[in-house]
Amino acid sequence: RPWRVLSLFAGIGGFDLACSWLGMEIAGQVEIDPFCQRVLAKHWPDALRAGDVREVRGDEFGPIDLVTAGFPCQPVSVAGQRRGAADDRWLWPEVARIVSVARPRWVLGENVPGLVSLGLDGVLADLEGLGYACWAAIIPACAVGAYHRRDRLWIVAHRNGDGPADEGNVRLLRAKGVAGDMTEEEATGMLGTS
């Protein structure tokens, strides 16, 4: 079967288009903007769509091989106030939560280089805690033939074995200030993972 992709913060479908070119099936798209939702519906009418990432469980799209996420950059961008996790638009924890439920083989994230100094360590720690081996690289648009630089940070993660690392769910919930003295079994139940 073709790889099944869940596209978070899908926008107008940049990741989705590239995945489609590679023969992958776009199983789900999450995008809150109504205009973007219309564009996605036109190009991927069979994909299951959701609006608010905070209302997505992660298991409603069926088995997923790849989660893509160009999560909001405003909290870490040098063009903004750089409030990081204190910014209401910091939605990385939602991505990590969905990944913990969907358990894809691969995760591909994209953000601005400002994430390196304000959150990348936490993003990688979350993924590693969920049982993923991670790599991060800054690649400019000009490296692939564009006529401008536009640096972007790319995060690639591959699941080790069949599931989250021991105590990965507890570490994720503790990082979010939720777990306290919770056991791994209780954290797993709360997150809906196995």
- Query: For P2 and G23, which heavy atoms make the closest approach, and how far apart are they?
  - Reply: CB-O, 3.3 Å

- Query: Does one hydrophobic cluster hold both L108 and I138, with members joined at side-chain heavy-atom distances below 4.5 Å?
  - Reply: no

- Item | Residues, nucleotides or ligands: over 12 heavy atoms within 6.0 Å of R150 CZ | no

- Among V116, I139, V76, find the one that has a side-chain contact (heavy atoms from CB on, under 4.5 Å) with L153. V116

- Query: So, does R83 use its side chain to make a donor-acceptor pair with the main chain of D88 at under 3.5 Å?
  - Reply: no

- Determine, stepwise, if the pair R1 / D65 fulfils side-chain contact (heavy atoms from CB on, under 4.5 Å). CA-CA 11 Å; R1 72 170 172 80; D65 299 292; 2.7 Å; yes

- Query: Quick one: are F71 and W90 in side-chain contact, heavy atoms under 4.5 Å?
  - Reply: yes

- Task: Kindly check if the number of other-residue, nucleotide or ligand heavy atoms within 6.0 Å of CH2 (W135) is above 12?
- Result: yes

- How far does SG of C73 sit from CG of D87, to the nearest 0.5 angstrom? 10.5 Å

- Message: Tell me if a side-chain donor or acceptor on R159 pairs with a main-chain N or O of R103 at a distance below 3.5 Å.
- Response: yes

- Task: State yes or no: do V5 and V99 share one hydrophobic cluster built from I, L, V, M, F, W and Y residues joined by side-chain heavy-atom distances below 4.5 Å, directly or via other members?
- Result: no

- Honestly curious: do L115 and V107 fall in one hydrophobic cluster under the side-chain, below-4.5 Å linking rule? yes

- Item | Distance-minimising heavy-atom pair for I12 and C36 | CG2-SG, 3.8 Å

- Once you round to the nearest 0.5 Å, how far does OH of Y132 lie from CG of D126? 12.5 Å

- Could you grab the distance from atom CD of E25 to atom CG of L66, nearest 0.5 Å is fine? 12.5 Å

- Task: Taking the side chain as every heavy atom from C-beta outward, state whether P104 and L6 have any pair of such atoms under 4.5 Å apart.
- Result: no

- Just by modelled atom types, is the D33 backbone N or O under 3.5 Å from a matching donor or acceptor in the E31 side chain? yes

- Query: Between S20 and W44, is any side-chain donor less than 3.5 angstrom from a side-chain acceptor?
  - Reply: yes

- Indicate whether the side chain of D16 and that of Q29 have a donor and an acceptor atom separated by less than 3.5 Å. yes

- Item | Reported OG-to-CD1 distance for the pair S7 and I64, which is rounded to 0.5 angstrom | 10.5 Å

- Query: So which heavy atom on A96 is nearest to which on L130, and how close?
  - Reply: O-CD1, 3.6 Å

- Under 4.5 Å between any side-chain heavy atoms of V112 and R152, yes or no? yes

- Task: Using modelled atom types only, decide if a donor and an acceptor are shared between the side chain of E60 and the backbone of G58 within a distance under 3.5 Å.
- Result: yes

- Note on the structure: In short, A69 meets F9 closest at the heavy-atom pair CB-CD1, 4.4 Å

- Message: Can you tell me if L124 has over 12 outside heavy atoms packed within less than 6.0 Å of its CG?
- Response: yes

- Task: Find out if a path of hydrophobic residues (ILVMFWY) with successive side-chain heavy-atom gaps under 4.5 Å connects F15 to V53.
- Result: no

- Provide the closest heavy-atom pair for S77 versus R82 in the form atom of the first, atom of the second, distance. O-CG, 3.2 Å

- Rounded to the nearest 0.5 Å, what's the gap from CD1 on I155 to CG on N111? Could you check? 7.0 Å

- Query: Can you tell me how far CD1 of I26 sits from CZ of R49, rounded to the nearest 0.5 angstrom?
  - Reply: 11.0 Å

- Message: Once salt bridge (charged side-chain N to carboxylate O under 4.0 Å, His left out) is applied, what residue pairs with a partner in residues 133-146 remain, sequence neighbours excluded?
- Response: none

- Message: Whether the side chain of R4 engages the backbone of F61 through a donor-acceptor N/O pair (distance < 3.5 Å, no angle test) should be reported.
- Response: yes

- Query: Do M24 and L40 belong to the same hydrophobic cluster, where Ile, Leu, Val, Met, Phe, Trp and Tyr are linked whenever their side-chain heavy atoms lie under 4.5 Å apart, directly or via other members?
  - Reply: yes

